[in-house]
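Remember, predicted model here, so these are calculated numbers, not experimental data.
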Amino acid sequence: MIPWVQLDSAKTPDGGQELRLKRRGTEFSIMLGTNELMNSRLSGSEEALARLSCERIAGRKQPKILIGGLGMGFTLRAALSGLSNDASVVVAELVPAVVAWARGPMAEIFGGSLDDPRVTIRETDVGHIIRSGISAWDAILLDVDNGPEGIVYKGNDALYGAAGLGAARAALKPGGVLAVWSQGPDSGFARRLKQAGFAVEEINTRANGKRGARHVIWIATAPAAR
């Protein structure tokens, strides 16, 4: 069996933990301690996050999409394939090393998506971008940490509380979509989405097509203009 080789490491935003990039042959893994956050062979649920979002904003002219979390680029690549040529996509990534890995050792699996003229990468907290714009986005896709029950950075919790969801609703255009990936179900989060004024769909999906771990995607739609 081919052994895993650690290529690099980086501190989490609070400096308390360490992310590690590992490679085994053509397979990549990003680890936090003993937890595998993502693996290049398992992309199904992240791709579903983008596909479901793009389906719901199909037909909009010059759609603007905000993606929270670059990861291994699964959500970004799927979004680009489902969006028109006049779309614009901003990806917010809080850990600069993740962007460096995407342009360096993992460049092949990103398939040139970072060089797509529709794409802008910002090394910042997606929450800052959300709070800085009113009616700015057609869709906001959050693939941040492990979802509402995050383990990487406690600051991400602010995205999923009542104030964070209220900010997301305000940042969306009428009828816009907030899509959230999660490692598992969370009834409290679904309730908070509804309390924030969203119409909510909860969709179960698999990590790799019809196989792998079960993940959850929430599609939360803001009210349409009156």
Side-chain angles (χ1 to χ4, degrees), residues 43 45-96 98-99 102-103 110-145 147-148 155-156 158-161 163-182 192-193 196-201 203 217-226:
S43 60
S45 59
E46 290 89 346
E47 291 167 352
L49 177 71
R51 186 187 74 255
L52 293 165
S53 303
C54 291
E55 288 173 355
R56 284 156 177 78
I57 62 169
R60 295 194 177 204
K61 293 183 178 180
Q62 297 182 321
K64 292 184 62 180
I65 314 301
L66 173 62
I67 298 176
L70 177 61
M72 291 186 174
F74 304 135
T75 301
L76 172 61
R77 293 199 306 276
L80 291 174
S81 69
L83 290 169
S84 54
N85 290 333
D86 64 351
S88 59
V89 181
V90 174
V91 182
E93 173 53 57
L94 192 55
V95 182
V98 172
V99 179
R103 296 191 184 281
F110 274 80
S113 58
L114 298 185
D115 298 319
D116 190 299
R118 294 173 290 178
V119 175
T120 301
I121 305 295
R122 292 185 58 183
E123 295 181 6
T124 188
D125 185 340
V126 67
H128 293 163
I129 299 178
I130 290 172
R131 292 188 295 272
S132 67
I134 302 298
S135 297
W137 307 97
D138 293 283
I140 298 172
L141 284 59
L142 296 180
D143 183 8
V144 176
D145 209 327
N156 290 328
L159 293 170
Y160 302 116
L165 296 178
R169 179 181 162 181
L172 287 167
K173 297 178 183 178
V177 169
L178 171 66
V180 178
W181 182 96
S182 177
R192 291 195 300 276
L193 283 170
F198 288 103
V200 181
E201 301 171 70
I203 300 165
I217 294 170
W218 286 279
I219 301 293
T221 305
R226 293 183 178 180

| said: So does L52 get a backbone contact from the side chain of R56, meaning a donor-acceptor N/O pair under 3.5 Å? | reply: yes
| What are the two closest heavy atoms between A79 and A50, and how far apart are they? | N-CB, 3.5 Å
| Of the non-hydrogen atoms in V144 and G69, which two are nearest, and what is the gap between them? | CG2-N, 4.2 Å
| message | Ignoring hydrogens and geometry beyond distance, is a side-chain donor-acceptor pair present between S45 and W181 at under 3.5 Å? | response | yes
| message | Once rounded to the nearest 0.5 Å, what's the spacing between atom CZ of R169 and atom OG1 of T221? | response | 11.5 Å
| message | Checking side chain to side chain contact (heavy atoms under 4.5 Å, CB included) between L70 and each of D143, L114, V95, which is the one that passes? | response | L114
| request: Identify the two heavy atoms, one from V126 and one from G68, that lie closest to each other, and give their separation to 0.1 Å. | output: CG2-CA, 3.8 Å
| task | May I ask you to test the R103-D115 pair for a side-chain heavy-atom distance under 4.5 Å? | result | yes
| Closest approach of A222 to F198 (non-hydrogen atoms, all atoms of both residues) | N-CD2, 3.7 Å
| task | Write down the atom of G127, the atom of L159, and the distance for their closest heavy-atom approach. | result | CA-CD2, 3.7 Å
| request: Measure the spacing between CD1 of I67 and CG of L76 and express it to the nearest 0.5 Å. | output: 5.0 Å
| query | Taking C-beta and beyond as the side chain, do L178 and L193 meet within less than 4.5 Å on heavy atoms? | reply | yes
| said: Using a 3.5 Å distance criterion without hydrogens, assess whether the side chain of R192 forms a donor-acceptor pair with backbone atoms of Y160. | reply: yes
| Distance, nearest 0.5 Å, that separates CZ of R60 from CD1 of I65 | 8.5 Å
| task | With rounding to the nearest 0.5 Å, note down the distance linking CG in D138 to OG in S53. | result | 11.5 Å
| query | Distance-only, no hydrogens or angles: does the R118 side chain make a donor-acceptor pair with backbone N or O of L80 under 3.5 Å? | reply | yes
| task | Please report the shortest heavy-atom distance between T124 and I129, naming the atom on each side. | result | CG2-CD1, 3.7 Å
| note | The reported gap from CG in L66 to CD1 in I130 (rounded to nearest 0.5 angstrom) is 5.5 Å
| query | Rounded to the nearest 0.5 Å, what separation is found between the CG atom of L94 and the NE2 atom of H128? | reply | 8.5 Å
| task | Determine yes or no for a side-chain-to-main-chain donor-acceptor pair under 3.5 angstrom, with T120 supplying the side chain and V90 the backbone. | result | no
